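Everything below concerns the one structure shown next.
When a residue number appears, it is its place in the shown sequence, counting from 1. All figures in this text were calculated on a predicted structure; none of them were measured in a lab.
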Amino acid sequence: QVQLVESGGGLVQAGGSLRLSCAASGRTFSSYSMGWFRQAPGKEREFVAEISWSGGSTNYADSVKGRFTISRDNAKNTVYLQMNSLKPDDTAVYYCAAEQNRHFPPGGYDYWGQGTQVTVSS
């Protein structure tokens, strides 16, 4: 099993940037595909980005493509989400997720963090 702890959320003006981090416990982090999801008030949770166990493959939602970048540091057991050109529509709780599956994309995620709030003001 793996435990996930997100950090880096906060309040930012439209056009600004934030970098989210997700620290994972355990010694097998490099065998996990990792993803970021978000949930805005009154909406369902939606996919944002995901990265393969090696970092060599990534996928993004169309709504964030070109603005957000997912990356990972397996030596630090951490996955990141660099968010640039933020918009008010990006306001949501952002969740980190993990799936122990070297097949990419994994098709689903079993482990979730507690979430971190991102608020973008206009």
Side-chain angles (χ1 to χ4, degrees):
Q1 288 193 355
V2 63
Q3 292 184 323
L4 306 172
V5 179
E6 301 96 334
S7 61
L11 174 64
V12 64
Q13 288 188 333
S17 298
L18 281 175
R19 188 176 81 155
L20 305 183
S21 299
C22 173
S25 65
R27 294 179 289 180
T28 60
F29 177 74
S30 62
S31 66
Y32 285 80
S33 294
M34 301 295 296
W36 285 98
F37 293 74
R38 67 187 182 187
Q39 187 168 19
K43 296 186 177 180
E44 294 187 352
R45 186 164 58 191
E46 64 175 4
F47 166 77
V48 175
E50 61 188 348
I51 188 167
S52 63
W53 64 274
S54 67
S57 297
T58 56
N59 289 325
Y60 294 92
D62 288 344
S63 59
V64 306
K65 205 170 291 184
R67 300 188 298 122
F68 291 11
T69 302
I70 188 171
S71 62
R72 66 190 296 162
D73 185 338
N74 286 345
K76 295 182 178 180
N77 280 17
T78 302
V79 63
Y80 305 97
L81 186 68
Q82 177 66 45
M83 305 186 295
N84 298 329
S85 302
L86 282 161
K87 306 174 182 179
D89 284 350
D90 295 318
T91 295
V93 177
Y94 282 71
Y95 297 91
C96 174
E99 177 67 16
Q100 192 169 22
N101 189 343
R102 289 198 168 189
H103 176 73
F104 187 79
Y109 289 86
D110 284 339
Y111 302 102
W112 295 84
Q114 83 289 348
T116 185
Q117 176 70 47
V118 172
T119 303
V120 184
S121 62
S122 57

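- Here the CZ atom belonging to Arg72 is positioned 12.0 Å from the OG1 atom belonging to Thr58, to the nearest 0.5 angstrom.
- Listed by first and then second residue, the disulfide (SG to SG under 2.5 Å) pairs that reach into residues 23-70 come to none, sequence neighbours excluded.
- Counting non-hydrogen atoms of other residues, nucleotides and ligands closer than 6.0 Å to CD of Gln3 gives a total of 12 or fewer.
- Annotation: salt bridge (charged side-chain N to carboxylate O under 4.0 Å, His left out) contacts of Arg67 (sequence neighbours excluded): Asp90.
- The neighbour count for Lys43 NZ, taken as heavy atoms of other residues, nucleotides or ligands under 6.0 Å away, does not exceed 12.
- In this structure, Ala40 and Ala92 approach most closely via the heavy-atom pair N-CB, 3.8 Å.
- Nearest heavy-atom pair, Val79 versus Met34, reported as atom, atom and distance to 0.1 Å: CG1-CE, 3.8 Å.
- The two residues Val2 and Ala98 make their nearest non-hydrogen contact at CG1-CB, 3.9 Å.
- Every ring pair (Phe, Tyr, Trp, His ring centres under 6.0 Å) that Phe37 has, sequence neighbours left out, goes to Phe47, Tyr109, Trp112.
- One distance of note links OG of Ser33 with CD of Glu99; it measures 7.5 Å at 0.5 Å rounding.
- Val93 and Gln117 make their closest contact through CG2-OE1, 3.2 Å (heavy atoms, listed as atom of the first residue, atom of the second, distance).
- Tyr32 has its side chain within reach of Tyr111: a pair of non-hydrogen atoms, C-beta onward, lies under 4.5 Å apart.
- The ring pair (Phe, Tyr, Trp, His ring centres under 6.0 Å) contacts involving residues 74-107 comprise nothing, where partners must be two or more places apart or lie in separate chains.
- Arg38 has its side chain within reach of Ser63: a pair of non-hydrogen atoms, C-beta onward, lies under 4.5 Å apart.
- If you take SG on Cys22 and CG on Asn77, they are separated by 10.0 Å, rounding to the nearest 0.5 Å.
- Leu4 and Trp53 fall into different hydrophobic clusters, defined by Ile, Leu, Val, Met, Phe, Trp and Tyr side-chain heavy atoms under 4.5 Å apart, directly or through other members.
- The heavy-atom pair separating Gly56 from Ser52 by the smallest distance is N-OG, 3.3 Å.
- When all heavy atoms of Pro105 and Asn59 are compared, the pair lying nearest together is CB-ND2, 3.9 Å.
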Contacts under 3.5 angstrom, residues 6-17 side chains, donor-acceptor by atom type, not counting sequence neighbours:
from: Glu6; atom 1: OE1; to: Gln114; atom 2: N; distance (Å): 3.0
from: Glu6; atom 1: OE1; to: Gln114; atom 2: NE2; distance (Å): 3.4
from: Glu6; atom 1: OE1; to: Gly115; atom 2: N; distance (Å): 2.9
from: Glu6; atom 1: OE2; to: Cys96; atom 2: N; distance (Å): 2.7
from: Glu6; atom 1: OE2; to: Gly115; atom 2: N; distance (Å): 3.3
from: Ser17; atom 1: OG; to: Asn84; atom 2: OD1; distance (Å): 2.9

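- Other cluster members for Val5: none, since no ILVMFWY side-chain heavy atom sits under 4.5 Å from it.
- Atom CZ in Arg102 sits 8.5 Å away from atom OG in Ser54 (nearest 0.5 Å).
- Ser57 OG to Ile70 CD1: the interatomic distance, rounded to the nearest 0.5 Å, is 11.5 Å.
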Check against side chain to side chain contact (heavy atoms under 4.5 Å, CB included), Phe68 and Leu86: CA-CA 9 Å; Phe68 291 11; Leu86 282 161; 3.8 Å; yes
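- Between Met83 and Leu20 the shortest side-chain heavy-atom distance falls below 4.5 Å.
- At least one donor-acceptor pair under 3.5 Å links the side chain of Thr91 to the backbone N or O of Val120.
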